[in-house]
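Keep in mind that what you see is a predicted model, and the values were worked out from it rather than measured.
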Amino acid sequence: MASRSSDKKPVGIATQLTAGGIAGAMEALCCHPLDTIKVRMQLSRSGRAPGTKPRGFLATGAMIVRRETPLALYKGLGAVLSGIIPKMAIRFASFEKYKAWLADKETGQTSVGNIFLAGLGAGVTEAVLVVTPMEVVKIRLQAQQHSLADPLEAPRYRNAGHAVYAIVREEGVRALYRGVTLTALRQATNQGANFTAYQELKRLASRLQPDRQDLPSWQHMAIGLVSGAMGPFSNAPIDTIKTRLQKSEAVPGQSAFERVAVIAREMWRQEGFRSFYKGITPRVLRVAPGQAIVFAVYERVRRVIENLQGSSEEGAYSE
């Protein structure tokens, strides 16, 4: 018997763009404060002195709010929103394309291993095309510890557009791609684990509920929550080193690999093993619910668009 997903027509790129963009915007608006806290924790040098502990998740968030007002938790949001639509469109579109290329030619099914490879490819694609320059700008904005309540305290970067202009003028276009290898590695492992877990859990849920034509949104959200937590635990050291690399300016005569080695060596020597997992709590709290929102909204918006366009076979949805 054919699977329910095989009864549906392929989703068009316009649908992926719209559904992915809306899903990404919702995720950013809901979860960005947690990302700001994560970045500050990763950049923090607290805990280096003997007998002291690194500043925790709640303490970091409270310090930002107290010193810089609650709006400071949304620093860098403009950079995220400006890149979220192409990022999500590229993620879903490239994953579906790679998945189709890797599918069995006779059955049309894609194995678990090939789903993981498709996720890896989607992560690398979005990292190179969108995520790296977006994150360089976002991190520069988030790292600015100025109070939004004091108009006389002028930040170095006023907004995302000004940050791009200043970075390119002062450091060159290549600065927007600082850390691209680490970003690609992080996104690849994230999306490989994310899509594999999501697809397999979704398939399991469908088998356990054969009378359902489509899973309800709350189940998509629950599956996305679990799959979204996979990546952060597997690549936290990569993400922390990447954040510090993108925050810093280039050192003349030093290659990117040498800079990564210096950062990792200094973290190990001055802050210890735990420094590589700084910000893991807000990152998991951001990424896991973020993926729950993304998948639930994506599936819902895609379904609505398909129904409006009549892109699905009427017989496949009749009860």
Side-chain angles (χ1 to χ4, degrees), residues 24-49 51-84 131 134-151 153-160 163 186 190 221 224-225 228-233 235-248 263 267 270-294:
M26 289 297 296
E27 182 232 8
L29 290 171
C30 294
C31 303
H32 190 75
L34 293 168
D35 188 69
T36 299
I37 295 172
K38 180 213 75 168
V39 167
R40 290 294 182 86
M41 290 179 70
Q42 290 176 331
L43 296 175
S44 172
R45 299 301 197 268
S46 64
R48 286 195 296 181
T52 62
K53 293 183 178 180
R55 189 178 294 109
F57 164 58
L58 294 177
T60 301
M63 185 184 70
I64 294 171
V65 170
R66 186 174 63 253
R67 290 184 178 180
E68 306 168 45
T69 77
L71 285 176
L73 293 171
Y74 284 91
K75 286 180 176 179
L77 179 62
V80 173
L81 288 176
S82 64
I84 205 75
V131 177
M134 182 183 75
E135 291 222 335
V136 169
V137 174
K138 175 183 70 73
I139 288 169
R140 296 290 182 94
L141 291 168
Q142 289 174 321
Q144 297 183 133
Q145 300 187 23
H146 66 288
S147 173
L148 297 179
D150 186 357
E153 191 174 349
R156 181 178 182 184
Y157 307 115
R158 296 192 297 272
N159 50 51
R186 185 198 65 177
N190 268 351
M221 184 170 285
L225 184 73
M230 302 289 185
F233 287 109
N235 58 27
I238 296 172
D239 188 58
T240 303
I241 296 171
K242 176 201 72 68
T243 297
R244 296 199 179 190
L245 177 68
Q246 292 177 324
K247 163 45 171 78
S248 64
I263 291 172
M267 288 174 63
Q270 298 178 8
E271 303 170 61
F273 173 78
R274 292 179 61 184
S275 66
F276 291 95
Y277 285 85
K278 279 187 173 181
I280 186 65
T281 300
R283 187 175 176 220
V284 172
L285 289 176
R286 181 202 183 283
V287 172
Q291 290 307 301
I293 293 169
V294 164

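Using a 4.5 Å cut-off on side-chain heavy atoms (C-beta onward), Gln144 and Leu141 make contact. Contact annotation: the side chain of Leu285 never approaches that of Cys31 to less than 4.5 Å [non-hydrogen atoms, C-beta and beyond]. Residues Lys75 and Ile64 fail the side-chain proximity criterion, which asks for heavy atoms closer than 4.5 Å.
Rounded to the nearest 0.5 Å, atoms CG (Leu73) and CG (Leu34) are 9.0 Å apart. To the nearest 0.5 Å, the span separating CD1 on Ile241 from CG on Asn235 amounts to 11.0 Å. Rounded to the nearest 0.5 Å, atoms NZ (Lys38) and CG (Asp239) are 4.0 Å apart. How far OG1 of Thr60 is from CD of Gln42: 11.0 Å, rounded to the nearest 0.5 Å.
By the salt bridge (Lys or Arg N to Asp or Glu O under 4.0 Å) test, Glu27 pairs with Arg286, sequence neighbours left out.
For the pair Gly78 and Ala160, the tightest heavy-atom approach, listed with the atom from each and the gap, is C-CB, 4.1 Å. Between Ser44 and Lys278 the shortest heavy-atom distance is O-NZ, 2.7 Å. Contact detail for Gly228 and Val287: the closest heavy-atom pair is O-CG1, 3.2 Å. Minimum interatomic distance between Gly61 and Ile37 (heavy atoms only, all atoms of both residues): CA-CD1, 3.8 Å. The shortest heavy-atom contact between Leu43 and Ala143 is CD1-CB, 3.7 Å. For the pair Tyr74 and His32, the tightest heavy-atom approach, listed with the atom from each and the gap, is CA-CD2, 3.5 Å.
A donor-acceptor pair is defined here as one N or O able to donate and one able to accept, closer than 3.5 Å; no such pair exists between the side chain of Lys242 and the backbone of Arg186. Using modelled atom types, one side-chain atom of Thr240 and one backbone atom of Phe276 make a donor-acceptor pair closer than 3.5 Å.
More than 12 heavy atoms of other residues, nucleotides or ligands sit less than 6.0 Å from atom CE of Met63.
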